[in-house]
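Right, one structure below, let's go through it.
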Number of protein chains: 2
Amino acid sequence: MTTTNSLGYEELGSAAQRDRRKRILDATIALASKGGFDAVQMRAVAERADVALGTLYRYFPSKIHLLVSGLAREFEQANSNFDRRPIPGDTPHERVMYVLGRTTRSLQRDPNLTEALTRAFMFADASVANEIHVVGMHVTKLMIRAMQDQESPIEDIVPTEDDIAIAKVIGDVWLSSLVQWVTGRASAQDVSKSMDVAVRLLLR
Amino acid sequence: MTTTNSLGYEELGSAAQRDRRKRILDATIALASKGGFDAVQMRAVAERADVALGTLYRYFPSKIHLLVSGLAREFEQANSNFDRRPIPGDTPHERVMYVLGRTTRSLQRDPNLTEALTRAFMFADASVANEIHVVGMHVTKLMIRAMQDQESPIEDIVPTEDDIAIAKVIGDVWLSSLVQWVTGRASAQDVSKSMDVAVRLLLR
DNA sequence: GGAAATTCTAGAACGTGTTTCTGTTTTGGG
DNA sequence: CCCAAAACAGAAACACGTTCTAGAATTTCC
């Protein structure tokens with residue numbers, strides 16, 4: 001395995017280390033939210049998190065690892081809501097659009113942060129595979145959950161091959177649209193419309 | 001308009017300038033093909049193209065502009081074939097898969113080059129809008145062409161709203177898949193499978 | 001053909017991601 | 001408690017994208 005991992009929350013021994021990790025990610029998110037990808041400068045993150053530059057690199061082997069790890073944490077927090085309540089809507093189409101709409105709006109509320117995280121995600125190479133995989137799983141799971149009947153408990157869900165395939169395609173389109181939005185090549189409306197079209201075509 | 005354009009082939013006055021531009025793009029493609037995104041270093045491109053660094057930046061205002069312009073040229077060359085012969089296949093599905101299969105295989109034959117061009121494309125921001133648009137048009141047009149009846153001449157084709165939407169969705173999925181492939185997160189087979197699923201779902 | 005404007009060259013210089021080095025602090029096992 | 005190992009701080013140094021400057025070469029225009 002040639003992947004160079006970020007230090008995960010669980011494999012950090014002491015409380016001081018978990019705290020450092022948290023401070024680093026907090027600083028990352030704060031800087032990203034203020035000025036986007038370019039504002040997340042490693043020296044600035046280190047200073048703000050009150051750690052040395054070398055320490056920052058011990059925890060996250062590159063700026064991309066750092067940002068993608070930040071994305072994973074944000075995504076987890078933001079979507080924990082969907083795990084509790086059933087997703088409103090009578091059809092898979094409606095429910096998927098509901099989830100996409102909510103999440104997209106939430107992302108668009110903090111454009112700088114979204115820009116930073118999305119670009120890091122798209123720029124990540126194989127060495128970031130683990131961190132990327134975490135995020136990808138979140139997305140796919142969320143889509144599949146929205147497609148299922150909301151009455152049955154989560155554990156009982158056995159998605160078909162097609163369900164998974166559809167969920168992945170929707171995820172791909174979503175990501176492409178977001179990239180176009182954060183890079184200023186598409187408007188927020190364009191994103192909604194793209195997603196609507198894709199979901200309409202896929203879930204029928 | 002805040003976009004900083006690359007100097008296009010047509011708006012270059014003298015033959016010497018067109019030749020410089022060509023040398024620069026040739027050097028870019030050669031370096032990319034040899035070592036991928038990281039190997040396309042501006043100093044190396046300038047040296048290989050036998051121009052000064054400042055001149056390189058006069059022709060292409062950033063590394064991303066340079067690579068996306070290279071992508072546009074490559075795409076144009078590689079796909080001029082499809083404009084001449086009719087695309088084989090009895091159904092839109094078959095024809096689109098034929099085009100995607102051929103193009104994807106051709107990209108996978110030169111992984112370093114594909115990696116360099118794809119990552120540049122994904123990282124491009126609004127200032128590269130013009131160059132990006134050229135590439136996007138190529139893709140969409142190619143998809144639409146594959147979806148149409150191959151008997152009728154190209155000029156007569158009037159794609160429906162839905163055709164365009166579908167073409168764009170396929171383009172998005174294709175791009176996402178390629179990104180996953182160049183970043184080592186998906187195999188060549190995964191790309192084929194993704195595309196097959198997406199096309200099957202969309203063209204039915 | 002000559003002057004002015006533009007383009008090009010060569011190279012220094014700057015900013016930020018990344019690496020490396022040295023010395024100090026913290027940690028964990030005996 | 002002590003010591004070796006690991007982790008950390010602080011700072012210098014390096015790499016590459018990008019910018020800037022001064023002068024040489026080329027083009028444009030009268």
Side-chain angles (χ1 to χ4, degrees), chain A residues 3-9 11-24 27-28 31-32 34-70 116 119-120 122-125 127-128, chain B residues 4-9 11-24 27-28 31-32 34-70 116 119-120 123-125 127-128:
Chain A
T3 56
T4 55
N5 289 322
S6 312
L7 268 47
Y9 180 82
E11 69 223 75
L12 249 37
S14 75
Q17 287 179 316
R18 278 195 293 276
D19 191 57
R20 265 192 212 96
R21 189 188 139 94
K22 178 180 180 322
R23 286 207 311 276
I24 291 173
T28 303
L31 288 170
K34 193 181 297 178
F37 187 86
D38 290 341
V40 181
Q41 302 186 357
M42 299 306 268
R43 290 172 180 83
V45 172
E47 187 174 359
R48 182 161 188 143
D50 204 28
V51 298
L53 189 55
T55 304
L56 172 53
Y57 273 95
R58 251 186 67 75
Y59 279 70
F60 301 96
S62 80
K63 174 169 172 170
I64 301 295
H65 284 81
L66 175 60
L67 281 166
V68 175
S69 298
R119 299 186 81 180
M122 299 308 310
F123 206 65
D125 66 0
S127 75
V128 202
Chain B
T4 55
N5 289 323
S6 311
L7 267 48
Y9 180 82
E11 69 224 74
L12 247 38
S14 75
Q17 286 180 317
R18 278 195 293 277
D19 190 57
R20 265 192 212 96
R21 189 189 139 95
K22 178 180 181 320
R23 286 206 312 274
I24 290 173
T28 303
L31 288 170
K34 193 181 299 177
F37 187 87
D38 290 342
V40 181
Q41 301 186 356
M42 299 306 267
R43 290 173 179 85
V45 172
E47 189 174 356
R48 181 161 189 144
D50 204 29
V51 299
L53 189 55
T55 305
L56 172 53
Y57 272 94
R58 248 185 70 73
Y59 280 70
F60 300 95
S62 80
K63 174 169 172 172
I64 301 293
H65 283 82
L66 175 59
L67 280 167
V68 176
S69 298
R119 299 186 77 182
F123 207 65
D125 67 1
S127 75
V128 202

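Quick note on labels: first sequence line is chain A, next is B, and so on, each numbered from 1.
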*Between Thr55(B) (side chain) and Val51(B) (backbone), is there a donor-acceptor pair under 3.5 Å?*
no

Salt bridge (charged side-chain N to carboxylate O under 4.0 Å, His left out) partners for [X], two or more places apart:
{"X": "Arg20(A)", "answer": "none"}
{"X": "Lys34(A)", "answer": "none"}
{"X": "Asp125(B)", "answer": "none"}

*Which residues share a ring pair (Phe, Tyr, Trp, His ring centres under 6.0 Å) with Tyr57(A), sequence neighbours left out*: none

Measure from the side-chain heavy atoms of [X] and tell me the nearest of [options].
{"X": "Leu53(B)", "options": "dT19(D), dG17(C), dC8(C)", "answer": "dT19(D)"}
{"X": "Thr55(A)", "options": "dA9(D), dG17(D), dT19(C)", "answer": "dA9(D)"}
{"X": "Tyr59(B)", "options": "dA9(D), dC8(C), dA12(C)", "answer": "dC8(C)"}

Over all heavy atoms of both residues, which pair between [X] and [Y] is shortest? Give the atoms and the distance, please.
{"X": "Arg119(A)", "Y": "Ala124(B)", "result": "NH2-C, 4.3 Å"}
{"X": "Leu31(B)", "Y": "Ala39(B)", "result": "O-CB, 3.8 Å"}
{"X": "Ile64(B)", "Y": "Val128(B)", "result": "CG2-CG2, 4.1 Å"}

Separation of atom [atom1] in [X] from atom [atom2] in [N], rounded to whole Å:
{"X": "Leu31(B)", "N": "dG17(D)", "atom1": "CG", "atom2": "P", "answer": "11 Å"}
{"X": "Lys63(B)", "N": "dT16(C)", "atom1": "NZ", "atom2": "P", "answer": "18 Å"}
{"X": "Asp38(B)", "N": "dC16(D)", "atom1": "CG", "atom2": "P", "answer": "9 Å"}
{"X": "Arg21(B)", "N": "dT7(C)", "atom1": "CZ", "atom2": "P", "answer": "16 Å"}
{"X": "Arg20(B)", "N": "dT6(C)", "atom1": "CZ", "atom2": "C1'", "answer": "12 Å"}
{"X": "Gln17(A)", "N": "dT27(C)", "atom1": "CD", "atom2": "P", "answer": "8 Å"}
{"X": "Phe123(A)", "N": "dG17(D)", "atom1": "CZ", "atom2": "P", "answer": "10 Å"}
{"X": "Arg58(A)", "N": "dT25(C)", "atom1": "CZ", "atom2": "P", "answer": "18 Å"}

Taking only N/O atoms, report every protein-nucleotides 21-27 of chain D pair under 3.5 Å with atom names and distance.
none

_Let me spell it out: for each of Phe37(B) and Val51(A), pick the nucleotide of DNA chain D with the closest heavy atom. Which residue's pick is nearer the 5' end?_
Val51(A)

*Take the angle between the ring planes of Phe123(B) and Phe123(A) and call it parallel below 30°, perpendicular above 60°, tilted in between.*
tilted

*Where along residues 39-50 of chain A does a heavy atom come under 4.0 Å from DNA chain C, residue by residue in number order?*
Val40(A), Gln41(A), Met42(A), Arg43(A)

